[in-house]
Amino acid sequence: MQPSANIKKNDNGLLVVPDHVKIPFIEGDGTGPDIWRATQAVIDAAVLAAYNGSKKIDWIEVYAGEKAFEKAGNWLPQETLDTIEEHVAAIKGPLTTPVGKGIRSLNVSIRQKLDLYACVRPVKYIDQVPSPMKSPEKIDMVVFRENTEDLYAGIEWPSESNEARDIISFMSQKLGAHVDEHSGIGIKPISAKNTKRLVSRAIQYAADNRCPSVTLMHKGNIMKFTEGAFCKWGYEVAAERFRDITLTETELYDRFNGKLPAGKILIKDRIADMLFQQVLLRPDEFSVIATPNLNGDYISDALAAQVGGLGMAPGANIGDRCAVFEATHGTAPKYAGLDKVNPSSLILSGAMMMDYLGWKEAGAIIRAGIQEAVRSKTVTYDLARQISGATEVSCSAFGKAIIEKMKIIQ
């Protein structure tokens, strides 16, 4: 096998992935080292099972969070960001958000500094995982959440501050808007450029994966020039870039009597609070959801709760230059070093990374291994306490169980 090399992008923006590839990882804080060890073992085993040694990953550790602060006095070194961008794909465990010091959020900073504008959260039920829903098997959605604006680019001024008073005075005198003089003030930007690139990525995903619909989630009935504009710009980019494969609901019923033709993607929109209800009552009507930042935060976690919680929910942050795949839960510091917690979120994020690299066979093996391990009721404590007859195992033992199931599947 040739020496390991970096992933590159060609002139068309497509990935060129060597068979022996270098991938950076951040093990994370709290339980991060535990879940990373299990994840690395599972990914390496899946790659070996899928390609019989013809493909391989060399892992490169980079630092962020507590480990970076201990080593360099910096929560997020520029070297880490440069290495991720250079290698195109990376994976990370959960990171501590410094309290009263440092930067506001390490996760947000990584996304914004690398322009990872699409937070991608697939939500799909794994058989035997406890769920509050009657029919959780109907849940199979992917949320595309805008990562760079809305609340993540929000600007705030506290109540009684000079800045808040100036803004309130301006709104009153120049715009005729009444705002209580003691209010705190917040502004959230949403732009056409960032909306269209997010929705474009969502539609392209739907096309690549034969998903029947993309739903634009918004609160445009109230916030007409931010949330409402997100909806308008979403429809515009569908018409501009994907006219040959997309239909609106009006076109669907006027031209096709409500029956979606083969090869077409339905572009529709739903008010945010209405969509929350509908993903509970009629989840099989939705496949891809594209949304501004705050709506996406809520809906992705709400969907995760229906299929076992954040411990079973993978995620990625993807931009035009690079992508970072991550656990979607927190650091759980009280369990740090106990080899106890469920590593499925990070392992499934690793499966997403395999798909991103074009190593879809390895991704499929990982998902099948987790499914069979759960089906055999060999699970970590969070699932064992909810599954009758389950055998509770450690984080590392669950990883080994997944690997054993992958061998049987193959």
Side-chain angles (χ1 to χ4, degrees), residues 1-29 32-33 36-37 39-40 43-44 46-47 51 54-96 102-103 105-120 147-148 152 194 197-198 201 204-205 314-327 346-347 349-360 362-363:
M1 179 178 288
Q2 294 294 318
S4 60
N6 296 354
I7 302 165
K8 302 292 184 183
K9 288 200 171 186
N10 64 22
D11 293 340
N12 295 320
L14 300 176
L15 292 185
V16 178
V17 182
D19 288 339
H20 191 178
V21 66
K22 297 178 182 179
I23 295 181
F25 72 92
I26 300 169
E27 65 177 8
D29 299 325
W36 169 247
R37 283 190 290 270
T39 298
Q40 181 180 347
I43 294 174
D44 286 343
V47 171
Y51 307 112
S54 65
K55 295 183 187 294
K56 184 181 177 183
I57 297 171
D58 279 345
W59 300 102
I60 305 168
E61 184 172 11
V62 294
Y63 303 105
E66 293 172 351
K67 201 168 184 179
F69 193 75
E70 290 169 4
K71 287 180 173 292
N74 188 341
W75 294 97
L76 183 57
Q78 184 60 43
E79 181 182 358
T80 293
L81 298 170
D82 292 342
T83 302
I84 292 172
E85 187 165 2
E86 177 187 356
H87 291 79
V88 180
I91 187 167
K92 60 175 279 295
L95 292 173
T96 296
I103 53 185
S105 166
L106 292 169
N107 294 319
V108 173
S109 294
I110 290 170
R111 295 166 189 172
Q112 293 190 330
K113 289 178 182 295
L114 293 173
D115 197 25
L116 306 176
Y117 58 84
C119 178
V120 183
N147 243 349
T148 65
Y152 271 9
N194 290 338
R197 66 180 182 172
L198 182 279
R201 187 171 283 276
Q204 188 62 60
Y205 176 92
N317 299 286
I318 302 174
D320 293 331
R321 301 193 305 270
C322 58
V324 176
F325 299 81
E326 65 179 0
L346 192 59
I347 292 172
S349 298
M352 289 180 70
M353 185 171 70
M354 295 298 98
D355 293 344
Y356 179 79
L357 300 182
W359 296 8
K360 292 182 181 293

Contacts of Lys9 meeting side chain to side chain contact (heavy atoms under 4.5 Å, CB included) (sequence neighbours excluded), chain-then-number -> Leu15, Val88, Tyr356
Does any N or O in the side chain of Asp115 come within less than 3.5 Å of the main-chain N or O of Gly319, such that one atom is a donor and the other an acceptor?
no
Scanning both residues in full, the closest heavy-atom pair of Arg111 with Tyr152 reads NH1-OH, 2.9 Å
Walk me through it: do Val120 and Tyr205 pass the test side chain to side chain contact (heavy atoms under 4.5 Å, CB included)?
CA-CA 10 Å; Val120 183; Tyr205 176 92; 5.5 Å; no
So do Val324 and Ile26 actually touch side chain to side chain, heavy atoms under 4.5 Å?
no
For Asp11, give me all partners under side chain to side chain contact (heavy atoms under 4.5 Å, CB included), at least two apart in sequence or on another chain.
none
Scanning both residues in full, the closest heavy-atom pair of Pro94 with Ala327 reads CD-CB, 4.1 Å
Measuring from atom CG of Leu76 to atom CD1 of Ile110, what distance do you get when rounded to the nearest 0.5 angstrom?
5.0 Å
Could you grab the distance from atom CD of Gln112 to atom CG of Asn147, nearest 0.5 Å is fine?
8.0 Å
Of all heavy-atom pairs between Arg201 and Ala118, which one has the smallest distance, and what is that distance?
CD-CB, 3.7 Å
Would you confirm whether Ser349, through its side chain, and Pro314, through its main-chain N or O, come within 3.5 Å as a donor-acceptor pair?
no
Applying side chain to side chain donor-acceptor pair (under 3.5 Å), can you list everything that pairs with Lys67, at least two apart in sequence or on another chain?
Glu27, Glu61
Within the 4.5 Å heavy-atom criterion, are Ile23 and Phe325 side-chain neighbours or not?
no
Any chance you could measure Ile91, atom CD1, to Met352, atom CE, to the nearest 0.5 Å?
10.0 Å
Distance (rounded to the nearest 0.5 Å) between Ile57 CD1 and Met354 CE:
4.0 Å
Contacts of Trp36 that satisfy ring pair (Phe, Tyr, Trp, His ring centres under 6.0 Å) - sequence neighbours left out:
Phe25, Trp59
If we ignore hydrogens and angles and just use 3.5 Å, is the side chain of Thr80 paired with the main-chain N or O of Tyr63 as donor and acceptor?
yes
By salt bridge (charged side-chain N to carboxylate O under 4.0 Å, His left out), Asp58 pairs with (sequence neighbours left out) none
Side chain to side chain donor-acceptor pair (under 3.5 Å) with Gln78: which residues, sequence neighbours excluded?
Asp82
Residue pairs meeting salt bridge (charged side-chain N to carboxylate O under 4.0 Å, His left out), one or both in residues 86-96, sequence neighbours left out, come to Lys92-Glu326
Does any part of the side chain of Cys322, heavy atoms only, come nearer than 4.5 Å to the side chain of Leu116, both counted from C-beta?
yes
Nearest non-hydrogen partners of Trp359 and Lys56, listed with the distance:
CH2-O, 3.9 Å
Heavy-atom side-chain contact between Ser109 and Leu106 under 4.5 Å:
no
NZ on Lys22 to CD1 on Ile60, rounded to 0.5 Å
5.5 Å
When every non-hydrogen atom of Ala46 is compared with those of Ala362, the smallest separation belongs to CB-O, 3.8 Å
Compute whether any side-chain donor of one residue and acceptor of the other, for Tyr117 and Asp320, lie under 3.5 angstrom apart.
yes
So how far is it from Ile318 CD1 to Leu114 CG, rounded to the nearest 0.5 Å?
13.0 Å
Smallest heavy-atom separation, Gly363 atom then Asp355 atom, equals CA-OD1, 4.1 Å
If only atom types and distance count, is the side chain of Asn12 paired as donor or acceptor with the main-chain N or O of Leu14 below 3.5 Å?
no
Who passes side chain to side chain contact (heavy atoms under 4.5 Å, CB included) against Asn194, sequence neighbours left out?
Glu146, Thr148, Glu149, Ser191, Arg197
